[in-house]
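First the structure, in the form of C-alpha cells, and then the observations on it.
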2 protein chains.
Amino acid sequence: MDIGHKLRSIRKQRGLSQRELAARAGLTNGTISLIEKNRTSPSVASLKSLLDAIPISMAEFFSTLEEPEVPKVFYRADEFTEITPGSAGQVSLRQLGNATDHSLQVLHETYPPGADTGPELLSHVGEEAGIVVKGSVEVTVDGVVEELHPGDGYLFDSRLPHRFRNIGKVECEVVSACTPPTF
Amino acid sequence: MDIGHKLRSIRKQRGLSQRELAARAGLTNGTISLIEKNRTSPSVASLKSLLDAIPISMAEFFSTLEEPEVPKVFYRADEFTEITPGSAGQVSLRQLGNATDHSLQVLHETYPPGADTGPELLSHVGEEAGIVVKGSVEVTVDGVVEELHPGDGYLFDSRLPHRFRNIGKVECEVVSACTPPTF
DNA sequence: TCCTACTGTTTAAAATAATTGTCAATTGAG
DNA sequence: CTCAATTGACAATTATTTTAAACAGTAGGA
C-alpha cells in the first residue's frame, strides 16, 4: 500500500511540518514519522484525523493511492464474486470482476430446481441479456412467459418487470450480462 | 465514521460469516466482531486485508461511506486549503472548499512583489477568470500583455498559454475561478 | 430430546500502534 | 561563527488493537 509516502507528499505539498500536522490532528509528530516511514500501520481513526487536518477525504486519499496497475482481463472460476440477492434465496449469482470499475456486468447464474427470483418489479435502467447453458428456466418479461432451454437466450430493457423460475427437475445455469451495472 | 455498520452490511450482502471473512483476510472472527461493533478502530493494514477478501477497494469503501451530510456552503478564511504550485515558488493559492467535489474551483491568490508563475504552456480545458483585489499584476494570455489594477479582471480559455507576474512594489491579491477544476 | 454445526459475542493475553522525551541535522538571525 | 528555533528520527514506555479461547443462541437432523 505505501500510505507513508503518499501521506508525506500530501503533507509536504501543503507546506506542513510533522509537528504542525500532528497538532491539528491531535496526534504526535513521532506517530507521523513512523507512519510516513511505513514502520507502522495507523488505525483508521488515526488516519482519518490526519486527513481531516490536511484536509482531504479518505476516498480521495485512497483513490489517488490505489494501484492503477495493469487492467485485469482474465478471471479464474474461483475469482468470481458471489452475489447473494436479498429476496431470491437459493439462486447463485457469480459476478465476473467487480461491477463498479466497468460499464458491463457479467454473471454466472445457477438456479436449483424450484428456484424463483420472484416478480421483482421495475429495477435499474439499461439492458439485460443471457443465454441458458444447462437445464431449463421459465422467464417472464412484462407478462410474457417463455421456457428457455440450453442455447436459448433473452434480451430486454431492464426496466420491464421480469422473473426467473426453474420449473424443471435439474439445476439450471445461465450466463447473463447487464449494462450499466447498477446492481 | 461508523465503518463498523458499513463493513457488516457489505459482508452480509456477500453472504459471508465473520469466520469465513476472517479466514480469507488472515484475521480472526473476534476482530471482525469488535470492528463491526465499533469497539475498536482497525489499522489500515487490517481493513485493507478485510476489503481485499470481500473484495472491494478502499476508495470504493470510503466513497460510499463518507458522510453525504448537509452540503457545506460557508467557508471561514482559515478553512481554505493552501495549494503550493510545483513551479511558482512564492505565490500563495488558497482554495475554497475542495475541488474534487465540485465543478467550480475558486482561489484566493496572493503574489508578493516579483512573483511570477512563469510561462506555463497549455494546461487544462475549461475557463479561467479573476478579479484583482489589491495591488497590480501583469497578465499575459496568448501573447497579449495587460497590467491589471484593483477592480480589473480577466476571462480566458484555460488552454491558452498564460502567465501572471507582480511587477509592482506591493503585494497583489486576486480572486479567481476555474471550471472544471482539473487542477 | 440430544447432538452437531453454525452463528456472533466476550474475555485475558499477546502483538502492535501511539506517546513521550531526547537526539542530531538544518535553517535563519544577529 | 554562534545561538536559537525548527525540522525529522529514534528508544522506551504507555495505550490500543488483535489474538485465542470460551461462551450463548439458533437451526437442522437423527
Side-chain angles (χ1 to χ4, degrees), chain A residues 1-54 58 61-62 65 82-92 112-115, chain B residues 1-54 58 61-62 65 82 84 89-90 92 112-115:
Chain A
M1 277 295 271
D2 193 16
I3 75 169
H5 281 89
K6 176 68 179 173
L7 177 61
R8 168 158 297 188
S9 77
I10 294 180
R11 177 176 63 77
K12 293 274 188 190
Q13 188 188 330
R14 302 301 174 92
L16 293 170
S17 70
Q18 291 181 344
R19 280 182 166 80
E20 172 65 21
L21 178 58
R24 293 194 194 180
L27 297 177
T28 63
N29 59 307
T31 300
I32 296 180
S33 176
L34 294 176
I35 294 173
E36 289 187 344
K37 297 186 78 63
N38 287 319
R39 292 168 60 91
T40 188
S41 176
S43 72
V44 171
S46 297
L47 182 61
K48 181 81 166 74
S49 300
L50 289 171
L51 299 189
D52 282 349
I54 286 182
M58 295 285 267
F61 183 81
F62 285 107
L65 173 72
E82 182 74 34
I83 297 179
T84 306
S87 55
Q90 343 78 319
V91 182
S92 161
Chain B
M1 277 292 273
D2 193 16
I3 75 168
H5 281 90
K6 177 67 180 173
L7 177 61
R8 168 159 296 187
S9 77
I10 293 180
R11 178 176 63 78
K12 294 273 189 191
Q13 188 188 329
R14 302 300 173 94
L16 294 170
S17 70
Q18 289 182 344
R19 281 181 167 81
E20 172 68 19
L21 178 58
R24 293 193 194 182
L27 297 177
T28 63
N29 59 307
T31 300
I32 296 179
S33 176
L34 294 176
I35 294 173
E36 288 186 345
K37 295 183 78 63
N38 287 320
R39 292 167 61 91
T40 187
S41 176
S43 72
V44 171
S46 297
L47 182 61
K48 180 82 166 74
S49 300
L50 290 171
L51 298 190
D52 282 348
I54 286 184
M58 296 284 269
F61 183 81
F62 285 107
L65 171 73
E82 182 73 34
T84 307
Q90 341 79 318
S92 161

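Hydrogens, waters and symmetry mates play no part in the numbers below; they use all other heavy atoms, side chains included. Naming convention: chains lettered A, B, ... in sequence-line order (proteins, then strands); numbering from 1 in each chain.
- Residues A:Val44 and A:Met58 have side chains in contact (heavy-atom distance under 4.5 Å, counting atoms from C-beta outward).
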When you compare the protein's N or O atoms with those of nucleotides 5-12 of chain C, which come within less than 3.5 Å of each other, and at what distance?
residue: C:dT7; atom: OP1; partner: B:Ser17; partner atom: OG; Å: 2.9
residue: C:dG8; atom: OP1; partner: B:Arg11; partner atom: NH1; Å: 3.0
residue: C:dG8; atom: OP1; partner: B:Arg11; partner atom: NH2; Å: 3.4
residue: C:dG8; atom: OP2; partner: B:Gln18; partner atom: N; Å: 2.9
residue: C:dG8; atom: N7; partner: B:Arg19; partner atom: NH1; Å: 2.8
residue: C:dG8; atom: O6; partner: B:Arg19; partner atom: NH2; Å: 3.1
residue: C:dT9; atom: OP1; partner: B:Arg8; partner atom: NH2; Å: 3.3
residue: C:dT9; atom: OP2; partner: B:Arg8; partner atom: NH2; Å: 2.8
residue: C:dT9; atom: OP2; partner: B:Gln18; partner atom: NE2; Å: 3.0
residue: C:dT9; atom: OP2; partner: B:Ser33; partner atom: OG; Å: 3.0
residue: C:dT9; atom: O4; partner: B:Asn29; partner atom: ND2; Å: 3.0

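- Atom CG in B:Leu27 sits about 16 Å away from atom P in C:dA15, given to the nearest Å.
- The minimum heavy-atom distance between B:Ala45 and A:Ser41, with the atom names listed, is N-OG, 2.8 Å.
- Remark: P of D:dT16 and CG of B:Leu47 are 20 Å apart, rounded to the nearest angstrom.
- B:Ser46 has its side chain within reach of B:Leu27: a pair of non-hydrogen atoms, C-beta onward, lies under 4.5 Å apart.
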| Can A:Phe61 and A:Ile10 be said to form a side-chain contact (heavy atoms from CB on, under 4.5 Å), step by step? | CA-CA 9 Å; A:Phe61 183 81; A:Ile10 294 180; 3.8 Å; yes
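- Backbone-only contact: B:Ser43 has heavy atoms under 4.0 Å from sugar-phosphate atoms and none from a base.
- The shortest side-chain heavy-atom distance between B:Arg14 and B:Leu21 does not fall under the 4.5 Å cut-off.
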